[in-house]
Amino acid sequence: MTTSTSMAALTSGLAALADQQDAVSALSTAVAAAAEALHADVGVVVAEDVADPSAGRLDLLAASSHAADALETYQLQVGSGPCLDAVHGDRDVSVVGETMLRTRWPDLGSALTRAGYRAAHALPMRWRGQPFGALNLFLTRAHPLTADERATARGFADIAAVAIVHADDRPDLDALARAVRSTAAHRALVEQAKGAVRYLLEVEEGEAFAVLMRRARVTGQPVTVVARELADAVAAGERPDWLPAG
């Protein structure tokens, strides 16, 4: 897989999110693009109980082929397979080779090898750090994912997560205009805060933004909240105690 191929595939998945499509259409487009880019059959499963994925069952939402659909359904029935391991363990899963597949998941592994597959990979889909589903890849060759392929698969897992989370959040043009104005206002606020940091610490623009981002990471707050805190303090003639000495 080349970088250009990976970017083209991810772009098509992102385009589906921006288009006038429902979640199922966006997922189907993303899954098809992932299958073509990674030369695999692809499936997406999610937990019924997002707050506690290990407590309930998983449901199949999309598959790139009938074979992927059947395999995903089967692993959910037997309660064993890459998607469950990825969701419950919140980690990437990669198993390559017939023997390893049968050893790791006796029921599903046998079904996979009979169907001609020689490798299975799964990546957890997360929202705000919480796993709630998985993107599964079934390959007909015993192939471990390269770093670029894993990065591409991760990108598609994130696209699928966004499509699901925002399934009922399709703003009209008026709502989009409000969102754009709000984003522009937030950016202006951050720029104002950067200017204050540059003045107070006598640093360059890049370092000023890094100071704001470090504060955001430490507090777990959005950078716009940090920028507002700083702007309010400066307006009151005060200096926040978290600001490094200049």
Could you pull out the closest heavy-atom pair between [X] and [Y], with the gap in Å?
{"X": "Asp41", "Y": "Ala68", "value": "CB-CB, 3.9 Å"}
{"X": "Leu145", "Y": "Leu137", "value": "CD1-CD1, 4.1 Å"}
{"X": "Ala63", "Y": "Val31", "value": "C-CG1, 3.7 Å"}
{"X": "Arg118", "Y": "Thr113", "value": "NH1-O, 3.2 Å"}

With sequence neighbours left out, which residue pairs that include part of residues 73-88 fulfil the salt bridge (charged side-chain N to carboxylate O under 4.0 Å, His left out) condition? Asp85-Arg104

Going by salt bridge (charged side-chain N to carboxylate O under 4.0 Å, His left out), name the pairs with one or both residues in residues 217-235, residues two or more places apart or in two chains. Arg215-Glu229, Arg228-Asp232

Taking atom CZ of Arg187 as the centre, report whether more than 12 heavy atoms of other residues, nucleotides or ligands fall under 6.0 Å from it. no

Got [X] and [Y] here, is their nearest side-chain heavy-atom distance under 4.5 Å?
{"X": "Val211", "Y": "Trp242", "result": "yes"}
{"X": "Cys83", "Y": "Leu58", "result": "yes"}
{"X": "Asn136", "Y": "Leu71", "result": "no"}
{"X": "Ser80", "Y": "Leu108", "result": "no"}
{"X": "Phe209", "Y": "Val190", "result": "yes"}
{"X": "Glu191", "Y": "Glu205", "result": "yes"}
{"X": "Val42", "Y": "Phe156", "result": "no"}
{"X": "Leu76", "Y": "Leu84", "result": "yes"}

Between His39 and Thr140 (side chain of the first, backbone of the second, donor and acceptor by atom type, cut-off under 3.5 Å), is there such a pair? no

Is there a path from Leu139 to Met100 through hydrophobic residues (I, L, V, M, F, W, Y) whose side chains come within less than 4.5 Å of each other? no

Tell me which donor-acceptor pairs under 3.5 Å the side chains of residues 122-129 have, and how far apart each pair is, sequence neighbours excluded?
| unit_1 | atom_1 | unit_2 | atom_2 | d |
| --- | --- | --- | --- | --- |
| Arg126 | NE | Asp90 | OD1 | 2.7 |
| Arg126 | NH2 | Asp90 | OD1 | 3.2 |

Side-chain ion pair, Arg214 and Glu207, N-O less than 4.0 Å: yes

